[in-house]
Amino acid sequence: MDYFFAAVGLCLCMLVLLALYRVVFGPGIFNRVAAISAIGTKTLVILLIFGLLYQRIDMFIDISMVYALLNFIGCVAAAKYLESRQE
Amino acid sequence: MNGFAEMIIKTEDIIVKTIARILIPFIQLFSLYVIMHGHYSPGGGFQGGVIMGASLVLLFLTHGYEESKERMSEKAAILFSSTGVLIYSGIGLLCLLLLGNYLDYGRLSLILNVDLAHARSLGILGVEIGVGFAVMAVMFSIFLDISTGGIEPGEEKKNEKASTR
Amino acid sequence: MSFMTVLSILCLLGGFFFFFTATIGLLRFPDFFTRLHATGKGDTLAVFLSLLGLAFYEGISLTGLKILIIAIFMFIAQPTATHAISRAGMRSGVKPWMKENIES
């Protein structure tokens with residue numbers, strides 16, 4: 001059972017590396033912001049799988065909830081600033 | 001109006017405004033939970049204060065300067081930060097007055113009729129609450145200062161008139 | 001292997017499948033708005049299914065309920081963030097991809 005969770009976590013890390021391509025090479029800033037939001041979502045699930053592997057999941061739940069909050073607030077703030085630039 | 005307040009009013013959106021209105025009380029409730037459970041799970045005073053400050057920043061970003069000034073004005077933010085430091089140092093001085101060391105929570109068991117371990121736990125909780133107050137107020141105050149440039153959106157005309165006279 | 005464990009494995013595999021297709025969409029789609037389609041919808045459903053699977057693994061306890069609360073929060077907040085960034089892209093003049101761009 002632990003091996004299954006570790007395999008899923010490792011494959012999610014590969015997906016994060018794939019999304020990093022869009023952060024580096026995305027033409028313009030909007031692609032980069034969308035890709036960072038996607039990376040944050042995957043990080044949330046990876047954190048919880050780490051908690052399961054260490055068998056102390058009640059420590060990692062609070063951290064992942066806070067990361068979900070900060071991801072949302074950061075995306076909304078970046079969108080508001082970029083909308084008013086009008087270049 | 002100066003650039004930042006004008007930007008928030010120009011980019012107003014009803015969907016984000018409604019969702020922020022639904023979510024902000026739950027974010028604040030979660031920050032209180034993080035402050036209270038600092039002794040067992042990851043958290044504590046500073047982390048809870050940051051989350052509460054982030055909720056106030058979300059309110060300012062989506063609703064504008066007028067609405068957020070009703071909830072927490074700049075004067076209230078400064079008062080909150082001083083109150084937080086007062087609570088922290090006040091507990092330390094109280095322990096000093098009870099013939100102990102500074103921040104020696106064990107001496108608090110003379111006032112509250114509990115045993116030594118309970119008094120230490122309650123002392124740490126009080127100190128964390130003080131830290132939470134201070135961090136929340138300072139985060140909101142720094143964000144307001146950086147974004148509006150020290151000039152409130154209503155006072156720009158006063159400064160312009162004074163400089164052209 | 002009890003029934004709850006099998007259900008949690010199925011939900012985790014479904015969540016991983018949606019993550020995989022959403023990331024491939026993020027890389028291969030031709031335009032900013034189409035990439036937002038992929039990551040906004042696919043990532044939300046994938047996170048919901050993955051957290052549901054983890055909650056089934058924990059069973060009916062306090063940690064299972066907390067994981068469900070995180071899942072509901074992500075289900076509400078992620079589409080809002082996608083809406084905000086797509087509106088910003090449209091107002092700032094990002095050109096959408098038209099079919100006349102390919103010369104075939």
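So that the names make sense, note that chain A is the first sequence line, chain B the second, and so on, each numbered from 1. Note: hydrogens, waters and symmetry copies are ignored here, and every other heavy atom, side chains too, is used.
Every residue was checked against the side-chain hydrogen bond (donor to acceptor under 3.5 Å, both in side chains) condition with C:Thr21, not counting sequence neighbours, and none meets it.
Only the side chain of C:Leu51 comes within contact range of chain A, with at least one heavy atom under 4.5 Å from a heavy atom of that chain. With a threshold of 4.5 angstrom between heavy atoms, A:Met1 approaches chain C through side-chain atoms but not through N, CA, C or O. In this structure, no portion of A:Tyr81 lies under 4.5 Å from any heavy atom of chain C. With a 4.5 Å cut-off on non-hydrogen atoms, C:Leu36 touches chain A through its side chain but not through its backbone. Contact of C:Leu54 with chain A is made through the side chain alone, with heavy-atom distances under 4.5 Å. Of the atoms belonging to C:Tyr57, it is side-chain heavy atoms, and not backbone ones, that fall under 4.5 Å from chain A. When heavy atoms are compared at a cutoff of 4.5 Å, A:Leu69 approaches chain C by way of both its backbone and its side chain. Heavy atoms of C:Ile70 lying under 4.5 Å from chain A belong to its backbone as well as its side chain. For A:Leu52, the part lying under 4.5 angstrom from a heavy atom of chain C is the side chain only. For C:Phe19, the parts lying under 4.5 angstrom from a heavy atom of chain A are both the backbone and the side chain.
Atom OG1 of residue C:Thr39 and atom NZ of residue A:Lys42 lie 6.0 Å apart, to the nearest 0.5 angstrom. Remark: C:Ile85 CD1 to A:Glu83 CD distance equals 9.5 Å, nearest 0.5 Å. Interatomic distance, C:Arg87 CZ to A:Lys80 NZ, rounded to the nearest 0.5 Å: 7.5 Å.
Closest approach of A:Leu82 to C:Ser92, counting heavy atoms only: O-OG, 3.1 Å. Minimum heavy-atom separation, C:Leu26 to A:Arg22: O-NE, 3.3 Å. Taking all atoms of both residues into account, the shortest heavy-atom contact from C:Thr23 to A:Ala19 is CG2-N, 4.2 Å.
The aromatic rings of C:Phe32 and A:Phe30 sit tilted relative to each other, their planes meeting at an angle between 30° and 60°.
By number of non-hydrogen pairs under 4.5 angstrom with chain C, the leading residue of A:Val16, A:Leu18, A:Asp62 is A:Leu18. Chain C forms more heavy-atom pairs under 4.5 Å with one residue of A:Ala68, A:Ala34, A:Gly74 than with any other, namely A:Ala68. Interface remark: of the candidates C:Ala84, C:Ala22, C:Ala77, C:Gly40, C:Ala77 forms the most heavy-atom pairs closer than 4.5 Å to chain A. In terms of non-hydrogen atom pairs under 4.5 Å with chain C, the most contact-rich of A:Ser37, A:Cys11, A:Gly26 is A:Cys11. With chain A as the partner, the residue from C:Thr82, C:Ile24, C:Ile9, C:Leu62 showing the most heavy-atom pairs under 4.5 Å is C:Ile9. Per-residue counts of heavy-atom pairs under 4.5 Å with chain C were compared for A:Pro27, A:Gly28, A:Ala35, A:Ala79; the largest is that of A:Ala79. Ranked by heavy-atom pairs under 4.5 Å with chain A, the first of C:His83, C:Arg35, C:Lys66, C:Glu58 is C:Arg35. In terms of heavy-atom pairs under 4.5 angstrom with chain C, the leader among A:Leu48, A:Ile57, A:Ile49 is A:Ile57. Contact tally against chain C (heavy-atom pairs below 4.5 Å) for A:Val8, A:Leu12, A:Val76: the top residue is A:Leu12.
Remark: C:Phe33 CZ is packed, more than 12 non-hydrogen atoms of other residues, nucleotides or ligands lying under 6.0 Å away. More than 12 heavy atoms of other residues, nucleotides or ligands lie within 6.0 Å of CG in A:Leu17, so this atom counts as buried by the packing criterion.
Between C:Leu13 and A:Phe4 there is a side-chain heavy-atom pair separated by less than 4.5 Å.
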